[in-house]
Amino acid sequence: MVRFSILPLILIFALTSFTCNGQSFQETGSGAKTVANGINLEIRFYGPSTVRILKWPENKSFEKESLSVVKEPGITDLKIQQVRSNLIVKSDQLAVILNMTNGTVSFETPTGKSLLKEKESDEGFTEFNDAGDKTYSVSQSFSLDKDEAIYGLGFQQQGKMIQRNLKLNMIQNNTETFVPFFQSVKGYGLFWDNYSPTVFSDNQDETSFTSEVGDLIDYYFIYGGNADGVIAQMRDLTGHVPMFPLWTYGFWQSRERYKSQDETVGVVRKYRELEVPLDGIIQDWRYWGNN
C-alpha cells in the first residue's frame with residue numbers, strides 16, 4: 001500500500017494560482033499576489049493589523065531591503081476569496097480589497113467600515129533616468145474623507161498640526177525633518193517606504209505621495225483603532241526605541257550660539273546662582289576649525 005504525506009499537498013495548495021472569471025491570483029504564505037492593468041500587485045500581511053502593499057511593472061523584478069522596517073511578515077490567519085472582480089484578503093482585524101480590473105486597493109474593518117481607498121490613476125510609474133540607471137518615478141494617490149484629520153509627516157515650520165490642504169517637498173534641511181508617515185483620526189496610519197526626494201500633496205481631489213526614484217510602489221497600512229494603537233504598531237514595524245535618560249526631559253538652555261567656553265560656563269553658573277533648575281545647555285555652531 002502506498003502512503004502519501006499531506007504536508008506537500010498543503011504547501012502546493014498554499015502556492016496555487018486560482019482563476020475566476022478570467023482573472024487569476026496566487027496565494028502566498030502572508031497574503032496574495034496578482035497582475036492587474038499591467039502591474040504586479042502583492043498584499044503582504046506583517047500581522048493581523050499591518051499590511052504591506054507592493055506594486056511594480058509587469059515583467060519586471062525587484063530586490064529591496066528596507067532601511068526602516070525591521071519586522072518580517074508573520075504567520076497570520078487570513079481568509080482569501082474573490083468576489084466578482086475583487087480579491088479580498090481578510091484577517092480578524094483588517095480587510096484589504098484589491099480591484100483586479102483597475103488595480104486599486106482599499107482598506108476596511110472586518111465589519112465593513114471604510115478606512116482608506118486608493119484613487120485610480122495612470123501616473124503610478126513614470127520612466128526615469130537616474131544617472132544612467134533606468135528606473136521610475138513612483139506615485140500613489142488616495143481618497144480621504146473631506147473632514148478627515150491626519151497628523152505626522154515629520155517636523156515642519158508651516159505651523160499646522162492637521163496635515164491637510166498643503167504640499168510638502170520632503171527633503172531634509174536645517175530646520176525641517178520629514179517622515180513619510182501620517183496617521184488619521186479614523187484609527188489608521190500609512191507609511192510610504194521610499195527614501196528619494198518625495199512630495200506629499202493634499203487637496204480637495206486627492207492625497208498623494210510622489211517619489212523621484214523607485215523601482216516599485218511600497219507602503220504599509222497600519223490599523224490601530226486609535227493613535228496609541230497606530231504608534232504601537234509602527235514601533236513594532238520599525239523597531240522599539242528605548243526611552244531617553246530622565247535628565248533629557250528637563251529644562252534646556254539654548255540660543256543662536258555661544259562664542260566661547262567661558263560664556264557657556266558662565267551661563268550655567270548664573271543659573272546655579274539663581275537656583276533655577278537647568279539640565280542641559282546647547283553648544284551649537286562655530287565650534288570647529290579656526291572659527
Side-chain angles (χ1 to χ4, degrees), residues 46 50-55 64-71 107 115-116 118-119 121 123-126 128 130-131 135-145 148-224 227-244 248 252 254 282 284-285:
Y46 279 61
T50 300
V51 62
R52 182 184 185 185
I53 304 299
L54 299 134
K55 302 182 181 184
K64 176 181 177 179
E65 182 177 350
S66 178
L67 302 178
S68 303
V69 174
V70 298
K71 188 173 182 178
F107 306 89
L115 296 171
L116 180 68
E118 290 183 352
K119 188 172 182 180
S121 174
E123 301 177 356
F125 294 89
T126 304
F128 178 74
D130 183 21
T135 181
Y136 300 92
S137 296
V138 294
S139 180
Q140 182 63 62
S141 300
F142 303 90
S143 295
L144 273 64
D145 294 345
E148 182 179 347
I150 59 173
Y151 306 92
L153 300 175
F155 180 83
Q156 308 104 41
Q157 300 290 337
Q158 35 86 359
K160 296 182 65 174
M161 187 172 182
I162 297 177
Q163 306 296 293
R164 298 298 305 269
N165 301 309
L166 53 78
K167 185 175 183 179
L168 297 175
N169 188 19
M170 305 182 78
I171 299 177
Q172 316 298 347
N173 61 61
N174 186 44
T175 62
E176 295 182 313
T177 59
F178 296 97
V179 180
F181 165 81
F182 68 80
Q183 62 173 306
S184 164
V185 290
K186 295 174 72 174
Y188 71 81
L190 190 143
F191 174 47
W192 178 259
D193 196 12
N194 185 294
Y195 321 113
S196 71
T198 295
V199 173
F200 171 83
S201 177
D202 178 83
N203 54 48
Q204 61 183 359
D205 296 321
E206 64 184 24
T207 302
S208 66
F209 285 100
T210 302
S211 292
E212 189 173 295
V213 180
D215 293 323
L216 70 161
I217 291 171
D218 184 3
Y219 70 88
Y220 294 79
F221 183 89
I222 303 165
Y223 183 61
D228 285 344
V230 172
I231 294 300
Q233 295 297 328
M234 185 63 175
R235 291 179 69 231
D236 192 43
L237 187 67
T238 58
H240 292 263
V241 179
M243 295 284 285
F244 286 118
T248 63
W252 290 61
S254 179
I282 298 173
D284 199 350
W285 57 291

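The first residue in the sequence is number 1, and the count goes up from there. The figures here come from the full heavy-atom set of this structure, side chains too, leaving out hydrogens, waters and symmetry mates.
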List the atom of [X], the atom of [Y], and the distance in Å for their closest heavy-atom pair.
{"X": "P180", "Y": "N194", "value": "CG-O, 4.3 Å"}
{"X": "D193", "Y": "S66", "value": "OD2-OG, 2.9 Å"}
{"X": "E212", "Y": "F128", "value": "O-CD2, 3.8 Å"}
{"X": "V230", "Y": "G187", "value": "CG2-O, 3.5 Å"}
{"X": "R52", "Y": "Y46", "value": "NH1-OH, 3.1 Å"}

(request) Take the angle between the ring planes of Y219 and F107 and call it parallel below 30°, perpendicular above 60°, tilted in between. (result) perpendicular
(request) I would like to know whether F200 and T207 meet side chain to side chain contact (heavy atoms under 4.5 Å, CB included); could you show each step before the answer? (result) CA-CA 8 Å; F200 171 83; T207 302; 3.5 Å; yes
Is there side-chain contact between [X] and [Y], with heavy atoms separated by less than 4.5 Å?
{"X": "Q158", "Y": "Q163", "value": "yes"}
{"X": "S208", "Y": "F142", "value": "no"}
{"X": "L153", "Y": "M170", "value": "yes"}
{"X": "F221", "Y": "I53", "value": "no"}
{"X": "I217", "Y": "W192", "value": "yes"}

(request) Output, in order, the C-alpha distance, side-chain angles, deciding distance and verdict of side chain to side chain contact (heavy atoms under 4.5 Å, CB included) for Y136 and T126. (result) CA-CA 5 Å; Y136 300 92; T126 304; over 6 Å; no
(message) Applying side-chain contact (heavy atoms from CB on, under 4.5 Å), can you list everything that pairs with S121, at least two apart in sequence or on another chain?
(response) E123
How many angstroms lie between [atom1] in [X] and [atom2] in [Y], if you round to the nearest 0.5 Å?
{"X": "L116", "Y": "Y188", "atom1": "CG", "atom2": "OH", "answer": "4.0 Å"}
{"X": "F191", "Y": "I222", "atom1": "CZ", "atom2": "CD1", "answer": "8.5 Å"}
{"X": "L190", "Y": "F182", "atom1": "CG", "atom2": "CZ", "answer": "4.5 Å"}
{"X": "N169", "Y": "S201", "atom1": "CG", "atom2": "OG", "answer": "11.5 Å"}
{"X": "K167", "Y": "D202", "atom1": "NZ", "atom2": "CG", "answer": "12.5 Å"}
{"X": "L144", "Y": "L115", "atom1": "CG", "atom2": "CG", "answer": "11.0 Å"}

(request) Answer yes or no: is there an ion pair linking K64 with D215, defined by an N-O contact shorter than 4.0 Å? (result) no
(message) Tell me whether D145 is salt-bridged to K186, with the criterion being a basic N under 4.0 Å from an acidic carboxylate O.
(response) yes
Please check this pair: side chain of [X] against backbone of [Y], looking for a donor-acceptor N/O pair closer than 3.5 Å.
{"X": "N165", "Y": "N203", "value": "no"}
{"X": "R164", "Y": "E148", "value": "yes"}
{"X": "E176", "Y": "N174", "value": "no"}
{"X": "E206", "Y": "K119", "value": "no"}

(message) Run the side chain to side chain contact (heavy atoms under 4.5 Å, CB included) test on F209 and Q140 for me, step by step, so that the C-alpha distance in whole Å, both residues' side-chain angles and the decisive distance to 0.1 Å come before the verdict.
(response) CA-CA 6 Å; F209 285 100; Q140 182 63 62; 5.7 Å; no
(request) Kindly check if the number of other-residue, nucleotide or ligand heavy atoms within 6.0 Å of CD (Q172) is above 12? (result) yes
(message) Looking only at the side chains, is there a donor atom on one of T210 and S139 sitting less than 3.5 Å from an acceptor on the other?
(response) yes
(request) Give the intermediate values and the outcome of side chain to side chain contact (heavy atoms under 4.5 Å, CB included) for residues F178 and T198. (result) CA-CA 10 Å; F178 296 97; T198 295; over 6 Å; no
Table please: side-chain donor-acceptor pairs of residues 236-244 below 3.5 Å, with sequence neighbours left out.
{"residue": "D236", "atom": "OD2", "partner": "K71", "partner atom": "NZ", "Å": "2.7"}
{"residue": "T238", "atom": "OG1", "partner": "M234", "partner atom": "O", "Å": "2.8"}
{"residue": "H240", "atom": "ND1", "partner": "R235", "partner atom": "NH2", "Å": "3.4"}

